[in-house]
Amino acid sequence: MTSDVLIIGGGVIGLAIAIELKLRGANVTVLCRDFRAAAAHAAAGMLAPDAENIQNQAMLSLCWRSRSLYPDWTRKLEELTGLNTGYWPCGILAPVYQHQDEKNPSLSPSSPESPAYWLDQAAIHQYQPGLGAEVLGGWWYPEDAQVDNQALAGVLWATAESLGVELKDGVTVEAIRQQQGQVVGVQTNIGDMRAAEYVLATGAWSNQLLPLPVSPRKGQMLSVQIPEFVPELPLTRVLYGQDIYIVPRRNRSIIIGATSEDVGFTPHNTPAGIQSLLQAAIRLYPQLEHYPILKFWWGFRPATPDELPILGNSHCKNLTFAVGHHRNGILLTPITAALIADLIWSQKSDPLLANFHYSRFHRQPSTSPTMLTHPANFSNGNGKNLSLQPSEFSIQDSGLIIAGKTFKSRLMTGTGKYRSIKEMQESVAASGCQIVTVAVRRVQTKAAGHEGLAEALDWQKIWMLPNTAGCQTAEEAIRVARLGREMAKLLGQEDNNFVKLEVIPDLKYLLPDPIGTLQAAEQLVKEGFAVLPYINADPMLAKRLEEVGCVTVMPLASPIGSGQGLKTTANIQIIIENAKIPVVVDAGIGSPSEAAQAMELGADALLINSAIALSENPPVMAHAMNLAAVAGRLAYLAGRMPVKDYASPSSPLTGKITG
Ligand SMILES: Cc1cc2nc3c(=O)[nH]c(=O)nc-3n(C[C@H](O)[C@H](O)[C@H](O)COP(=O)(O)OP(=O)(O)OC[C@H]3O[C@@H](n4cnc5c(N)ncnc54)[C@H](O)[C@@H]3O)c2cc1C
Ligand SMILES: CC(=O)[C@@H](O)[C@H](O)COP(=O)(O)O
């Protein structure tokens with residue numbers, strides 16, 4: 001059965017949307033890579049718009065609305081399943097260590113429906129015995145609350161299951177296939193799937209599917225147990241301190257959190273993280289130091305640059321975004337589910353949604369919608385594995401997937417250094433490439449060989465990769481990248497947000513500036529670009545660029561245009577081993593054997609310009625490079641024989657057929 005709605009991601013957001021849609025009559029499927037990995041399990045479950053001191057008015061309204069939905073929403077879920085969500089309108093107390101001007105509204109947004117009360121030193125210690133001696137006062141937020149987020153996640157799963165939502169855990173969506181502004185299916189590890197409507201609810205991992213500015217913000221947590229010698233619950237409200245919160249649960253555990261670390265998807269608890277939590281928690285509520293520790297854990301908040309979620313319509317008619325809930329995703333679950341279900345099922349767009357539209361990250365005003373797609377000739381996340389010839393021994397290859405788009409060819413080429421436009425055209429055709437990089441600056445300045453580029457290639461068939469060649473600083477590269485996006489639009493690639501980032505201050509060796517590249521990459525990712533940075537073969541830098549959201553890394557084999565071949569093999573190998581994004585070996589490849597060697601190492605693709613353009617017969621060399629890229633890829637997939645110290649006869653003595 002084809003679903004009406006397919007939801008990618010089964011954290012609290014995906015599940016709650018599924019339930020709302022199901023209750024409205026839709027057939028819904030949820031695909032989830034790993035339910036246990038969802039931030040929903042790692043959270044503290046505070047429903048704390050007031051204590052969080054949210055300054056953005058639209059966000060504050062959204063949070064207040066969601067908090068007000070909680071009592072009925074959890075009651076409904078509990079009735080449907082007979083399970084408890086641990087919803088507890090316990091209020092939140094926010095002690096402070098400095099004297100405050102309690103009249104300053106920015107310290108605590110108060111409103112008739114969500115009042116905040118200032119407690120002075122004497123009052124707060126009386127109201128909450130056991131606080132640290134340094135506490136000088138604090139705010140009391142009676143409307144804030146909590147839910148047991150782990151219980152809630154379980155209840156949402158059980159509700160969805162009982163209502164007949166098709167739930168598939170352990171299924172990874174590898175690519176979203178798009179054609180002409182529509183999603184036409186998703187490619188998963190168990191095959192293609194289709195639906196009429198799609199929802200992206202992939203939390204901190206969203207950027208792996210589409211170039212959205214969502215990145216992981218790690219939080220470490222721990223819990224302690226209230227010992228038996230303490231008969232009553234010593235805390236019956238959340239304590240929200242400076243860099244620390246203490247959340248008592250009714251089951252006599254106490255959650256202590258949380259760090260906020262910009263370390264990508266680095267797993268594990270660390271001594272430093274846990275030490276900082278314990279120190280701050282004991283300062284705030286000293287008796288905790290004697291409580292037995294129950295557990296440590298960590299999780300990844302889906303953060304956006306402005307800390308607001310990305311909700312609502314996307315660049316595709318039938319794809320809706322519900323990601324980037326950062327520190328307030330548990331709080332925002334009921335309102336997100338209601339608004340998104342209304343939008344999809346009844347085409348009812350709540351006015352608040354406009355504040356959370358993804359296009360806010362695209363600074364350049366545009367008359368047409370910014371798209372994250374590309375034309376139909378490119379298979380966007382082509383579900384079918386590509387069969388590499390010949391068919392008698394075909395081997396399956398998923399194709400080159402960059403920012404959710406699939407390219408059959410793993411060879412990218414350039415347009416510079418050719419003796420004529422004709423030679424360039426023939427070479428591009430002979431290379432079989434689908435991605436051609438173009439130096440935005442050189443096109444702008446009409447540098448030799450860059451005139452008439454718009455007409456020279458068929459941009460319906462070739463995906464343009466604008467590059468920032470000629471930029472010596474991060475600022476220049478950012479500016480040129482924006483121009484590149486406009487240039488792609490002019491060529492009819494409305495949806496092209498790719499940029500090959502080059503920041504090269506050194507004109508002798510053309511070596512890229514790692515710091516400038518990282519700075520520019522961070523900014524461009526925030527602006528919604530799919531960034532492909534050109535770098536020296538530096539594994540640490542490659543990792544950092546991956547963490548900030550780049551969609552590939554492009555380490556150099558040797559200096560641009562040098563034809564010196566693979567001089568950085570060992571480092572490229574480390575980059576390949578560690579990368580979760582495609583590694584494109586770029587620059588310096590001089591011959592097809594070197595191209596094949598890079599692919600044999602496991603590179604995902606190659607970018608080759610000079611070796612083709614400067615050869616004696618560029619179209620023939622382009623064809624040779626094409627074959628080399630395919631050969632190297634096949635060899636990599638087939639698996640090389642092990643290297644041995646001694647000879648070993650090709651006709652072994654064992655297993656002989658005897659007469
Ligand atoms: C330490 C910590 C404390 C927090 N405390 C609070 C709090 O007190 N209050 C609050 O309101 N919020 C809190 N949060 C934030 C909250 O947990 C998140 O905002 C919320 O869980 C986000 O929900 P989600 O469904 O968008 O993402 P997640 O819950 O992370 O779920 C995303 C799911 O999508 C799946 N997925 C990802 N990519 C794919 C793919 N390609 N294919 C298929 N499936 C995929 C993942 O496996 C995952 O299961 C906290 C978060 C952390 C880490
Ligand atoms: C065109 C382009 O982007 C080059 O800067 C790229 O790095 C290729 O290098 P070669 O010219 O050495 O192949």
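The chain is numbered in sequence order, starting from 1. Both ligands and their constituent atoms are indexed starting at 1 by order of listing.
Not a single heavy atom of Gln208 lies less than 4.0 angstrom from ligand 1. Residue contacts with ligand 1 do not include Trp298, since none of its heavy atoms lies under 4.0 Å from the ligand. Residue Gly257 places every heavy atom at 4.0 Å or more from ligand 1. Heavy atoms of Ala204 come nearer than 4.0 angstrom to ligand 1 in no pair at all. Between Met554 and ligand 2 there is no heavy-atom distance shorter than 4.0 Å. Assignment of Gly561 to the shell around ligand 2 is supported, since a heavy atom sits closer than 4.0 Å. Residue contact check for ligand 2: Ala611 places no non-hydrogen atom closer than 4.0 Å to it. Using a 4.0 angstrom heavy-atom cutoff, Leu47 does not count as in contact with ligand 1.
What sits closest to atom 51 (C) of ligand 1 on the protein, heavy atoms only, is Arg301 CG, 3.4 Å. Here the protein heavy atom with the shortest distance to atom 34 (O) of ligand 1 is Gly9 CA, 3.3 Å. Looking from atom 4 (C) of ligand 2 to the surrounding protein, the closest heavy atom is Lys500 NZ, 3.8 Å. Scanning all protein heavy atoms for the shortest distance to atom 9 (O) of ligand 2 gives Ala587 CA, 3.2 Å. Remark: minimum distance from atom 9 (N) of ligand 1 to any protein heavy atom is reached at Met46 O, 2.9 Å. Counting only heavy atoms of the protein, atom 42 (N) of ligand 1 lies nearest to Val173 N, 2.9 Å. Nearest protein neighbour of atom 27 (O) of ligand 1, counting heavy atoms only, is Gly203 CA, 3.5 Å. When hydrogens are left out, the protein atom nearest atom 22 (C) of ligand 1 is Pro302 CG, 4.0 Å; that is the closest non-hydrogen contact. The protein heavy-atom contact nearest to atom 5 (N) of ligand 1 is Ala44 N, 3.2 Å. Regarding atom 25 (O) of ligand 1, its nearest protein heavy-atom neighbour is Ile13 N, 3.1 Å.
Residue Gly299 has no N or O atom closer than 3.5 Å to an N or O atom of ligand 1. In terms of polar-atom proximity, defined here as any N/O pair under 3.5 Å, Asn609 does make such a contact with ligand 2. The distance criterion of under 3.5 Å between nitrogen or oxygen atoms is met by Ser610 with respect to ligand 2. Considering both main-chain and side-chain atoms, Gly45 comes within under 3.5 Å of ligand 1 through a nitrogen or oxygen pair. In terms of polar-atom proximity, Arg33 is counted as a contact of ligand 1, with an N or O under 3.5 Å from an N or O of the ligand. For ligand 1, none of its N or O atoms has an N or O atom of Ala37 under 3.5 Å away. At a 3.5 angstrom cut-off on N or O pairs, Cys32 does not count as close to ligand 1. Considering backbone and side-chain atoms together, Trp205 places no N or O closer than 3.5 Å to any N or O of ligand 1. Annotation: Met221 places no N or O atom under 3.5 Å from an N or O atom of ligand 1; distance criterion only. Among the atoms of Ala322, none of the N or O lies under 3.5 angstrom from an N or O of ligand 1.
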For Arg33 and Gln208, what are the C-alpha separation, side-chain angles and deciding distance, and is it a side-chain hydrogen bond (donor to acceptor under 3.5 Å, both in side chains)?
CA-CA 12 Å; Arg33 176 163 50 211; Gln208 292 171 356; 3.2 Å; yes
Check against side-chain contact (heavy atoms from CB on, under 4.5 Å), Val553 and Leu532
CA-CA 6 Å; Val553 281; Leu532 297 81; over 6 Å; no
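Counting heavy atoms under 4.0 Å from ligand 1, residue Ile330 touches it through both backbone and side chain. Residue-level proximity to ligand 2 for Asp586 is carried by the side chain, the only part with a heavy atom below 4.0 angstrom. Of the heavy atoms in Thr437, only side-chain atoms (C-beta onward) come closer than 4.0 Å to ligand 2. Under 4.0 Å from ligand 1, the heavy atoms of Leu209 that appear belong solely to its side chain.
Taking the six-membered ring where the residue is Trp, Phe35 and Trp157 present tilted rings, their angle falling between 30° and 60°. Ring-plane geometry between Trp205 and Phe265 is classed as parallel, the angle between the planes falling under 30 degrees on a 0 to 90 degree scale with a further cut at 60.
The distance from ligand 1 to the heavy atoms of His326 drops below 4.0 Å at these ligand atoms: 15 (C), 16 (C), 18 (C), 19 (O). When each atom of ligand 1 is checked for a heavy atom of His325 under 4.0 Å away, the hits are 19 (O). Within ligand 1, counting atoms from 1 as listed, the ones closer than 4.0 Å to a heavy atom of Gly219 are 1 (C). Less than 4.0 angstrom separates some heavy atom of Ile608 from each of these atoms of ligand 2: 13 (O). Distances below 4.0 Å separate heavy atoms of Asn328 from the following atoms of ligand 1: 10 (C), 11 (O), 12 (N). Which parts of ligand 2 touch Gly588 is read off a 4.0 Å heavy-atom cut-off, strictly below it: atoms 10 (P), 12 (O). Within ligand 1, counting atoms from 1 as listed, the ones closer than 4.0 Å to a heavy atom of Ala38 are 28 (P), 29 (O), 30 (O), 31 (O), 48 (C), 49 (O). The contact set between ligand 1 and Thr172, taken as ligand atoms under 4.0 Å from a residue heavy atom, comprises 42 (N).
Note: Tyr87 and Trp73 fail the aromatic proximity criterion, with ring centroids not under 6.0 Å apart.
In terms of heavy atoms, Ala611 sits closest to Met625 at CB-CE, 3.7 Å.
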